[in-house]
Participant: 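Sharing a structure with you now.
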Amino acid sequence: MNLLARLDRQHFWHPFTQMGDWAKSEPVIIVRGKGAVLTDSRGREYLDANSSIWTNLHGHNHPGINTAITRQLDKISHSSTLGLTNEPAALLSEKLVRVANPPFVSSRENGRPNLPLNKVFFSDDGSTAMEVALKLAYEFTRRNGRSSRPRFLSLQGAYHGDTVGAVAMGHIDLFHRAYRGLLFKTDRVMSPYCYRCRFNRAKPERMDAREYKKCNWECLQALETKFQAQQKRGNSYAGFVFEPLIQGAAGMIPQPEGWLGRATKIARGHGSLLIADEVMTGFGRAGTKSLNPASPPLFACQRESVQPDFLAVAKGLTGGYLPMAATLTTQKVFDSFLGEYDEFKTFFHGHSYTGNQLGASAALANMEILKTRASFRARQELETLFRTGLQGLWRHAHVGDIRQVGLIAGIELVKNWRTREPFDLRERAGIRVCEVMTQLGVLTRPIGNVVVLMPPYCTTSRQLDRMITVLSQAISRTLEKEAVS
Ligand SMILES: *Cc1c(COP(=O)(O)O)cnc(C)c1O
């Protein structure tokens, strides 16, 4: 066995991995990447079909991002932002504020643009960005007298990260049950999972369930009921926590058009803060469709003109190069932490690497690429090709639902598409399909029975084709064996 593989087996404990299974096969050791291609220690090439767990945007080894990082490397890699500031982080805070506030909200006050999301708090990853939003929302609510015991509402199946506060906001039993004793109480409300919604009276068809669903928006009624019930108890929800347009780790659950706008209106109507988790959906991942073609949105919230009070970004912030995250919030929230030193209203929170220069440089380069016409067109074209290409997968009887939002797709594998009967998780249908895909040179990971495809924006049409064809072959080989032989 390869030396690295041996050292790995001896000491490296991998995330979200049953290490007993891990030890049974030789690991793929990635040594380099270029564009959408990853190369392993044996020289084998793979397509990065989930953008290295949803982080990468413009491909690996991108000259623009590489140059930005190495330029910064020649100056300094890291100095603290406790009592100091630095060039790339200061520039980045302004850039983030600019893209997070779409034109539909920009009014002017005293000649200066009045930007709702005006302040940026940097952290390291999606979990910590959500922790910051949670702590700020909690303390803001207490300070403005709305509640002394702020309570939060999030969506069924929600995933907002793995640190303890983020876990408390989540509702995935498999991940979270064991740690219940560590968590504070939050509430959950049904999410608009059209394919498996008990209120959807439509029979399954060979298309995205959102397109043929028959319902009366019971999910929104449930949300309204939840808010009303909490109000009756005299402790209205302080914050509504959601992923806009599509929930990721919940199983790639997309929202039918109009849900986001209406759901957030309900929450606002009850005085709740809006906490948007765009860790996955941010920076163009959720598509190029725009209400205002002159300014294509980079964030999913903007697609339904939703103005959150907190916006958490991470994964794609640095183009998938370095761990860095940010929580954007409003002047109002910021002001509630202002005071004389001895009032101790300071936000006592931070990380050693807050505002790291290398991360901020990568993020600035990422934003430069994103704003070019060429990048926008490429994403637009890729999204269309993706939509067309995915249709071919309907021919598999074991494909129950194909759901796409921008450059994110979830393909739900089922025992029987006519009844939507799911595979038992113990059958590891998703895992087995992805294992065969790896053998065929395409890397991705499933969420239970949902296979994720999330190509980097630089993916060529041939590479995209290959990702979809290999998934199709893997489904045939894994789930249709009996039928073929
Ligand atoms: C990945 C993810 C997180 C957690 O981010 P980490 O960087 O893994 O801590 C939070 N929210 C969403 C929506 C995510 O996809």
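Counting convention: from 1, in listed order, for ligands and their atoms alike. Owing to the predicted nature of the structure, the values given are computational and were not obtained by experimental measurement.
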Participant: Restricting to salt bridge (charged side-chain N to carboxylate O under 4.0 Å, His left out), what partner residues turn up for R98, sequence neighbours left out?
Facilitator: E94

Participant: Please state whether the rings of Y159 and H176 are parallel, tilted or perpendicular, taking 30° and 60° as the class boundaries.
Facilitator: parallel

Participant: Parallel, tilted or perpendicular, judged at 30° and 60°: which one describes the rings of F240 and W259?
Facilitator: tilted

Participant: Considering residues at least two apart in sequence or located in another chain, which fulfil the ring-ring contact (aromatic ring centres under 6.0 Å, His included) criterion with H351?
Facilitator: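 Only H349 meet the ring-ring contact (aromatic ring centres under 6.0 Å, His included) criterion with H351.
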
Participant: Which pair of heavy atoms, one from T372 and one from I369, lies closest together, and at what distance?
Facilitator: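 Heavy-atom minimum between the residues: OG1-O, 2.8 Å.
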
Participant: List the residues meeting side-chain contact (heavy atoms from CB on, under 4.5 Å) with R196, not counting sequence neighbours, and say none if there are none.
Facilitator: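 R196 satisfies side-chain contact (heavy atoms from CB on, under 4.5 Å) with Y193, E412, V414, R420, P422 only.
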
Participant: Near ligand 1, which residues have a heavy atom under 4.0 Å away from one of its atoms?
Facilitator: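 Residues W54, D125, G126, S127, Y159, H160, G161, E243, D277, V279, M280, K315 each place a heavy atom under 4.0 Å from ligand 1, listed by chain and number.
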
